[in-house]
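Have a look at the structure below, then the notes.
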Amino acid sequence: QVHLVESGGGLVQAGDSLRLSCAMSGGTFSSSAMGWFRQAPGKEREFVATITGTGFGTTYTDSVKGRFIIFRDNAKNMVYLQMNSLKPGDTAVYYCGARTSRSGSSAQKDYDYWGQGTQVTVSS
């Protein structure tokens with residue numbers, strides 16, 4: 001059984017940086033594309049970024065392009081989301097998802113496993 005645990009969330013000010021981490025256990029990490037999604041209060045969960053199993057392919061939602069970077073360390077079974085120039089609009093619970101496919105995806109339905117989420121709050 002695959003298990004995902006996110007960490008690294010917190011309260012920061014606008015313009016600050018934060019790095020989220022997601023540890024995966026119980027599966028073959030390099031065979032799993034990974035994704036980050038977020039859910040703000042009163043809103044649906046939305047796609048943020050995805051990375052292929054090899055780590056060579058990444059895709060971002062437009063609102064975070066140029067500010068967020070997704071990367072992975074297959075030797076450590078970890079995926080990260082480096083968030084720079086944070087804005088109050090980035091405030092949300094951030095979730096890590098894993099696919100049983102090496103291909104990345106922006107669709108929630110394509111993910112087979114989810115973590116419990118980590119809160120990111122950006123103050124103005």
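Every heavy atom of this structure was used, including side-chain atoms; hydrogens, water molecules and symmetry mates were not. On a predicted model such as this, the values are computed, not experimentally measured, just so you know.
Using a 4.5 Å heavy-atom cutoff, the side chains of Y60 and I69 are in contact.
Note that the OG1 atom of T121 and the CG atom of D90 stand 11.0 Å from one another [nearest 0.5 Å]. Rounded to the nearest 0.5 Å, atoms CG (N84) and CZ (F68) are 8.0 Å apart. Here CD1 of I51 is found 9.5 Å from CE of M34. Values are rounded to the nearest 0.5 Å. The CD atom of E6 lies 11.0 Å from the CG atom of L81; values are rounded to the nearest 0.5 Å. To the nearest 0.5 Å, atoms CZ (R45) and CD (Q108) are separated by 5.5 Å.
Ring centroids of F37 and Y95 are separated by 6.0 Å or more, keeping the two rings apart.
Not a single donor-acceptor pair under 3.5 Å links the side chain of T52 to the backbone N or O of R102. When atom types are taken as modelled, the side chain of Q39 and the backbone of V93 share no donor-acceptor pair closer than 3.5 angstrom. Under the 3.5 Å distance criterion, the side-chain polar atoms of T91 are matched with a main-chain donor or acceptor of V122. Between the side chain of S123 and the main chain of V12, a donor-acceptor pair closer than 3.5 Å is present. Using modelled atom types, one side-chain atom of T118 and one backbone atom of G9 make a donor-acceptor pair closer than 3.5 Å. Panel note: side chain N74, backbone G53; a donor-acceptor pair is recorded below 3.5 Å.
The two residues A14 and P88 have their closest heavy-atom pair at CB-CD, 4.1 Å. Of all the heavy atoms in Q119 and A92, the pair that sits closest is NE2-O, 3.4 Å.
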Could you please spell out the steps behind the side chain to side chain contact (heavy atoms under 4.5 Å, CB included) verdict for S32 and R99?
CA-CA 5 Å; S32 299; R99 299 193 67 199; 5.6 Å; no
Could you check K65 against D62 for salt bridge (Lys or Arg N to Asp or Glu O under 4.0 Å), going step by step and ending with a plain yes or no?
CA-CA 5 Å; K65 284 180 181 177; D62 286 346; 3.0 Å; yes
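In this structure, the side-chain contact (heavy atoms from CB on, under 4.5 Å) partners of S85, at least two apart in sequence or on a different chain, are R67.
Both Y113 and V79 are members of a single hydrophobic cluster when ILVMFWY side chains are connected at heavy-atom separations under 4.5 Å. When the side chains of ILVMFWY residues are joined at heavy-atom separations under 4.5 Å, either directly or via intervening members, V2 and M78 end up in a single hydrophobic cluster. In this structure, W36 is not a member of the same hydrophobic cluster as F47, with clusters built from ILVMFWY side-chain heavy atoms closer than 4.5 Å. Side-chain heavy atoms closer than 4.5 Å link hydrophobic residues (I, L, V, M, F, W, Y) into clusters, and following such links, possibly through other members, connects F71 to Y94. I70 and W114 fall into different hydrophobic clusters, where Ile, Leu, Val, Met, Phe, Trp and Tyr side chains are chained together by heavy-atom contacts under 4.5 Å.
Judged by distance alone, the side chains of Y111 and T50 do bring a donor and an acceptor atom under 3.5 Å apart.
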Enumerate donor-acceptor pairs with a distance under 3.5 Å from any side-chain N or O in residues 19-30 to protein atoms, sequence neighbours excluded.
{"residue": "R19", "atom": "NE", "partner": "Q82", "partner atom": "OE1", "Å": "2.7"}
{"residue": "R19", "atom": "NH2", "partner": "Q82", "partner atom": "OE1", "Å": "3.2"}

